[in-house]
Enquirer: 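My questions will all concern the structure given below.
Just so you know, these numbers come straight off a predicted model, no measurement behind them. Nothing fancy with the numbering, it's 1 onward along the sequence.
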Amino acid sequence: PSVMNVRLYTQPSDRLMQAGQFGLDFTHRFAGEVDDDTAGDLFGLDTFAYNSIGLHYGLTDWLEMRGQRANVGDMYELGFKARIINETKKFSLTNPFNVTLNTGVQYDNLQRSIDPYIQTIISGSIIPNGVQL
């Protein structure tokens, strides 16, 4: 089975883990400002980093579950991503694009708040099995 990236830069993509597969997600952002970074601090890599680590699991080929923890705000996240419409392999007007729903809750331990969210991800192939927008 192929390995897919469920995130594009810092945004969730429309890709889901295949049924029965696990994925590990590690992200980070450095706190130093670009203007202040020099070779002395390895161009920002020696500054404080906000990081998170998460685990993704494909429940089915159209439904994924994930959990994530971030050090900033001591935040926890639990969510699901579901493919609502799957793009037809051959061009047709019935399903010319993908629609994926990304939803979950974040718990901010510092502010003691639970914040639900929902995102709709719409994509379509420019080059089949290659480039999507």
Enquirer: Measure the spacing between CZ of R69 and CE of M75 and express it to the nearest 0.5 Å.
Expert: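 With rounding to 0.5 Å, CZ (R69) is 10.5 Å from CE (M75).
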Enquirer: Among residues at least two apart in sequence or on other chains, which ones pass side chain to side chain donor-acceptor pair (under 3.5 Å) with S113?
Expert: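 So S113 forms a side chain to side chain donor-acceptor pair (under 3.5 Å) with D115.
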Enquirer: Looking at every non-hydrogen atom in both residues, tell me the closest pair between L63 and A82 and how far apart they are.
Expert: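 Smallest interatomic distance, heavy atoms only, reads CD1-CB, 3.9 Å.
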Enquirer: Compare every heavy atom of S52 with every heavy atom of Q68, then report the nearest pair and how far apart it is.
Expert: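 Where Q68 meets S52 most closely, the heavy atoms are NE2-OG, 2.9 Å.
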Enquirer: Working to the nearest 0.5 angstrom, can you tell me the gap between R112 CZ and D74 CG?
Expert: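 If I round to the nearest 0.5 Å, the distance is 8.5 Å.
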Enquirer: Test of understanding: with side chain to side chain donor-acceptor pair (under 3.5 Å), list the residues that count as partners of Q111, not counting sequence neighbours.
Expert: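 Scan of Q111 (side chain to side chain donor-acceptor pair (under 3.5 Å), adjacent residues dropped) gives none.
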Enquirer: Do E77 and R66 meet the salt-bridge criterion of a basic N to acidic O distance under 4.0 Å?
Expert: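 A salt bridge links R66 with E77.
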Enquirer: Minimum heavy-atom separation for N98 and E87, please, with both atom names.
Expert: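 Minimum heavy-atom separation between N98 and E87: OD1-N, 2.7 Å.
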Enquirer: Drop me the distance from N51's CG to N71's CG, to the nearest 0.5 angstrom.
Expert: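 Answer rounded to 0.5 Å: 4.0 Å.
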Enquirer: For I114, give me all partners under side chain to side chain contact (heavy atoms under 4.5 Å, CB included), at least two apart in sequence or on another chain.
Expert: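 In terms of side chain to side chain contact (heavy atoms under 4.5 Å, CB included), with neighbours along the sequence ignored, I114 is linked to V105, Y107.
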Enquirer: Can you measure from OG1 (T60) to CZ (R83) and round to the nearest 0.5 angstrom?
Expert: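 Going from OG1 on T60 over to CZ on R83, the span is 9.0 Å.
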Enquirer: Taking all atoms of both residues into account, what is the closest heavy-atom pair of L59 and A19, and its distance?
Expert: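 Minimum heavy-atom separation between L59 and A19: O-CB, 4.3 Å.
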Enquirer: Closer than 3.5 angstrom, by distance alone: can the side chain of K81 be matched with the main-chain N or O of R15 as a donor-acceptor pair?
Expert: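 Judged by distance alone, yes, a pair lies under 3.5 Å.
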Enquirer: Tell me whether E64 contacts the main-chain N or O of M17 through its side chain, where contact means a donor paired with an acceptor under 3.5 Å.
Expert: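 Judged by distance alone, yes, a pair lies under 3.5 Å.
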Enquirer: With T100, which residues qualify under side chain to side chain donor-acceptor pair (under 3.5 Å), at least two apart?
Expert: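 In terms of side chain to side chain donor-acceptor pair (under 3.5 Å), with neighbours along the sequence ignored, T100 is linked to no residue.
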Enquirer: Using the rule side-chain contact (heavy atoms from CB on, under 4.5 Å), only one of I121, I85, I84 pairs with L101; which is it?
Expert: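 The single option meeting the side-chain contact (heavy atoms from CB on, under 4.5 Å) with L101 is I84.
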Enquirer: Tell me every residue that passes ring pair (Phe, Tyr, Trp, His ring centres under 6.0 Å) with Y57, counting only those two or more places apart in sequence or in another chain.
Expert: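 So Y57 forms a ring pair (Phe, Tyr, Trp, His ring centres under 6.0 Å) with F22.
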Enquirer: With ILVMFWY side chains joined below 4.5 Å, transitively, what does I53's cluster contain besides itself?
Expert: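 Cluster partners of I53: L24, F26.
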Enquirer: List the atom of I122, the atom of F97, and the distance in Å for their closest heavy-atom pair.
Expert: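 Distance-wise, the nearest heavy atoms are CG2-CD1, 4.0 Å.
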